[in-house]
Amino acid sequence: LSDRHLLDEVKRLAARERDVTVELIAHLAEVEERGLHHAEGFDSMFLYCRQILLLSEHAAYGRIEAARAARKFPIILEMLAEGSLNLTTVGLVGRHLTRDNYREVLAAAKARSKREVEELVARLHPQPDVPSSIRKLPEVKPVVAPGALLPASAPTPAPSALPAPAVLPPAPPRPQVVTPLAPDRYKVQFTVSAKTCEKLRLAQDLLRHAIPDGDAGAIFDRALTVLLEDLARKKLAATDRPRPSRGTAPGSRHIPAEVKRKVWIRDGGRCAFVGKGGRRCDQRAFLEFHHVEPYAVGGEATVSNVELRCRVHNRYEAEIFFGPHGSS
Ligand SMILES: [Zn+2]
């Protein structure tokens, strides 16, 4: 078999497969019309296709949907045969066809990709925005065999009587957008405008060298990094100005704006004090810039020596270092 012949042959076989599929769909439509699957002992076409015709779930579903659409609009069979529609696009568009719109819609779906047909369907049948939601899922923990931690004499409840692990998250006050999926993996879901989607695609194109698969999560991260830089600049500029200059001579306690910005972003705009038990404060209000090694003993205003503190913790650490009346 020469290369040329091989290519011709796969083309021919694909066309034949389409023809056979279209014929099967036409026949399935007739079987359902006559209710023959009921007579064969099945209450659904789906089960009949699965068990008697040995189709996969996906294949059964697609063919049945196409058969139902084609019964109402036979032109679908022609379009499937010529390859201008496929089972996926018929499945997307089938339910939205009416006597009034089918010519127009099928023409619009002709030779379109799945995504394009999805957009077409979204125009025909707009869906409400995805509700924004942030939900903290229980951490996945290794399952301990029931009773393994109980003393041998303790009565062990039958496994079926065990309550589900008590790790249900507290009900969120309102729907939010981020779902942790696994450690360090979160599902973020939201609805954007066509314009925003266009921006994402443009960013994907421009970042193709750095993010070859166009991963939206990686792009989202870059966008937020830039946004945070900008927000930090504005926020810190706003709080910086009213402050009277205390002099910027070498060795002054003035913290350069750039250091503040970096510290603020690094610490996530939250008090970075960590208690003895390892708990981080996380307070977001009334933050101050704190010298880890105090300015008074030569601590410098560098990113590595400055951290965010809430008022309480800034004072707390100053008192530890200088005593109750000192200051950092
Ligand atoms: Zn604090």
Side-chain angles (χ1 to χ4, degrees), residues 132-139 141 166-186 188 220-328:
S132 297
S133 65
I134 299 182
R135 282 191 300 142
K136 186 88 186 161
L137 290 188
E139 220 175 285
K141 287 178 182 155
V167 283
L168 287 178
R174 64 192 158 113
Q176 295 172 36
V177 226
V178 180
T179 309
L181 298 175
D184 200 36
R185 308 307 299 161
Y186 291 77
V188 180
F220 190 55
D221 178 69
R222 285 189 178 224
L224 284 179
T225 302
V226 174
L227 174 66
L228 283 173
E229 281 280 345
D230 188 50
L231 290 175
R233 184 172 292 121
K234 285 175 186 150
K235 177 185 172 68
L236 298 173
T239 56
D240 243 6
R241 267 183 214 127
R243 226 173 120 217
S245 170
R246 294 188 185 171
T248 50
S252 87
R253 60 183 304 147
H254 175 75
I255 300 172
E258 198 199 341
V259 171
K260 287 186 170 180
R261 202 156 61 233
K262 286 185 170 152
V263 167
W264 191 79
I265 290 171
R266 182 201 60 207
D267 291 350
R270 296 169 299 146
C271 174
F273 179 84
V274 177
K276 291 199 183 85
R279 185 192 183 270
R280 177 176 161 161
C281 170
D282 274 355
Q283 173 62 253
R284 292 168 184 275
F286 305 112
L287 295 176
E288 298 170 354
F289 289 91
H290 163 76
H291 286 73
V292 177
E293 186 187 18
Y295 163 75
V297 296
E300 290 183 60
T302 58
V303 174
S304 59
N305 192 48
V306 174
E307 290 185 1
L308 283 182
R309 289 290 183 274
C310 67
R311 231 173 243 174
V312 172
H313 283 124
N314 204 13
R315 191 171 312 140
Y316 169 81
E317 284 182 318
E319 286 177 4
I320 286 180
F321 196 88
F322 297 104
H325 301 293
S327 90
S328 67

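Index from 1, following the sequence. These numbers were taken from a predicted model, which means no experiment stands behind them. Any value given below was found using the heavy atoms of this structure, including those in side chains, with hydrogens, waters and symmetry copies removed. One-based numbering, in listed order, for ligands and for the atoms of each.
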Describe, in one word, how the ring planes of Tyr316 and Phe273 are oriented to each other, choosing from parallel (under 30°), tilted (30 to 60°) and perpendicular (over 60°).
perpendicular
Got a sec: does the CD of Glu258 have more than 12 other heavy atoms crowding it under 6.0 Å?
no
Please determine whether the number of non-hydrogen atoms from other residues, nucleotides or ligands lying under 6.0 Å from atom CZ of Arg270 exceeds 12.
yes
Under 3.5 Å: donor-acceptor pair, side chain of Asn314, backbone of Glu288:
no
Answer yes or no: is there a side-chain heavy-atom contact under 4.5 Å between Val297 and Phe321?
yes
Suppose the cut-off is 2.8 Å; how many protein N/O/S atoms fall inside it around the Zn ion (ligand 1)?
4
Residues at least two apart in sequence or cross-chain that pass side chain to side chain donor-acceptor pair (under 3.5 Å) with Glu229, listed by chain then number, are none
